[in-house]
Number of protein chains: 2
Amino acid sequence: MTVTQSAPVTSGASTAGRRPATARGCHNPPPHPRPTGRDRYTISEVAEHTGLSAHTLRWYERIGLMPHVDRTHTGQRRFSNRDLDWLDLVAKLRLTAMPVADMVRYAELVRAGESTFAAREQLLTAHREDVRQRIAELRGTLDVLDYKIDIYGDARRASERC
Amino acid sequence: MTVTQSAPVTSGASTAGRRPATARGCHNPPPHPRPTGRDRYTISEVAEHTGLSAHTLRWYERIGLMPHVDRTHTGQRRFSNRDLDWLDLVAKLRLTAMPVADMVRYAELVRAGESTFAAREQLLTAHREDVRQRIAELRGTLDVLDYKIDIYGDARRASERC
DNA sequence: CTCTTGCCTGGAGTGCACTCGAAGTCTCTA
DNA sequence: TAGAGACTTCGAGTGCACTCCAGGCAAGAG
């Protein structure tokens, strides 16, 4: 299993969003205070760190969305910093509603080594186009929302006046 | 009890899956060449017009996402231009991955009359915030994609040179 | 040694947003 | 008047992305 890790995701901020139970508050806590000097994390540590459940992390591995995670001699998972980097990328892609199947495809390409650079580039480029278009759509909807909110606001203010 | 995930993810995928005909091309054709001078459309006309299936249109009505659609004396639906307007709005909101339940709530408010203006404004304002945040997230991901695509592009060009 | 905690697996269940099927009715054209 | 095709309802099925459960193993605390 070669080390052909995908390009590193060093841009280390703002993975925080969208977790179910926690972090419904307004302030953004530090996204991932990854303890320095460590390289082996239990599944629950990773769960806490990423906001994914342990179930989901196992499921990711099962469907091929995670590279092989290291194990202890008793079979427990020990995630590396590299694994966390990968999960950060997955989180980003998930935010863009990339289908899991596509992410799995990308993961396969990464596992397959350097010969797939072109294919990976192509996959990401196509997805980037999708994201751009999505942003445009969202902007369009924003206009509609602005318009309607204005109308309701006007009506409310008018009724407050009389 | 299902507010667990704020779910930007799922419906985006299904949205991408459907909508094959429209908006997949590069130019935006006039969104709905609604024939002028008419105000009664069969379900299949509306299906064609909106890109939704007839099944979905009936389902919308069943769950309260459509106002009462007019019927012929034999019980067949005849959609009005007003209905089409409503469906256009629903389509916009759907693009933003607003949960159907929220849209139904909005539809109920609309049905309830003018007394709900404030509530509607509030609902839309909250959703607008969501959309803005989503756009920001997408931008963040776009940066990551740019970064990675650059790396792959560099690698490819380098290997082409030697 | 027992208890608790954390982790393991495979498989079943959940929620959402459709999507389809069956069986029957109605409308339109020839 | 016959046949094609569009429409009706209700209920079941589908695909996705988790989410949970049962049953079991391993290690540390008391």
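Throughout, protein chains are lettered first and strands after them, A, B, ... in sequence-line order, and every chain is numbered starting at 1.
- For B/T74 and C/dT25, the shortest distance from a side-chain N or O to OP1 or OP2 is not below 4.0 Å.
- Note on A/R71: only backbone sugar-phosphate atoms sit closer than 4.0 angstrom, heavy atoms only; bases stay farther off.
- The phosphate of D/dC16 has neither OP1 nor OP2 within less than 4.0 Å of any side-chain N or O from A/R94.
- In this entry the distance linking CD of A/Q76 with C1' of C/dT5 reads 11 Å, nearest Å.
- Residue whose closest nucleotide on DNA chain D sits further toward the 5' end, between A/H55 and A/H73: A/H55.
- Going from atom CE of A/M103 over to atom P of D/dC16 covers 13 Å, rounded to whole Å.
- Following rounding to the nearest Å, B/I43 (CD1) and C/dT27 (C1') show an atom-to-atom distance of 16 Å.
- Ring orientation note: the planes of A/W86 and A/Y106 are close to parallel, at an angle under 30° on the 30°/60° scale.
- Screening A/I151, A/L145, A/V144, A/D146 for a side-chain contact (heavy atoms from CB on, under 4.5 Å) involving B/L124 leaves a single residue, A/L145.
- Among the heavy atoms of the strands lying under 4.0 Å from B/S44 are primed sugar atoms or P, OP1, OP2 only; no base atom is included.
- Contact check of residues 56-66 of chain B against DNA chain C (heavy atom, cut-off under 4.0 Å) returns B/T56, B/W59, B/Y60.
- Listed candidates were D/dA17, C/dC7, D/dT9. Nearest to the side chain of A/V100 is D/dA17.
- A sub-4.0 Å separation between OP1 or OP2 of D/dC7 and a side-chain N or O of B/T42 is present.
- Here A/E45 pairs with A/R38 in a salt bridge; the nearest charged N to carboxylate O distance falls below 4.0 Å.
- Distance CD1/A/I149 to CZ/A/R156: 11.0 Å, rounded to 0.5 Å.
- What separates CD of A/E48 from P of C/dG6 is a distance of 12 Å, to the nearest Å.
- Rounded to whole angstrom, the span from the CZ atom of B/R40 across to the C1' atom of D/dC7 amounts to 14 Å.
- When atom types are taken as modelled, the side chain of A/S80 and the backbone of A/D83 share a donor-acceptor pair closer than 3.5 angstrom.
- Here the side chains of A/T125 and A/Q122 are not in contact, with every heavy-atom distance at 4.5 Å or above.
- Of the charged side-chain nitrogens involved, none lies within less than 4.0 Å of a carboxylate oxygen, so that A/R157 and B/E121 do not count as a salt-bridged pair.
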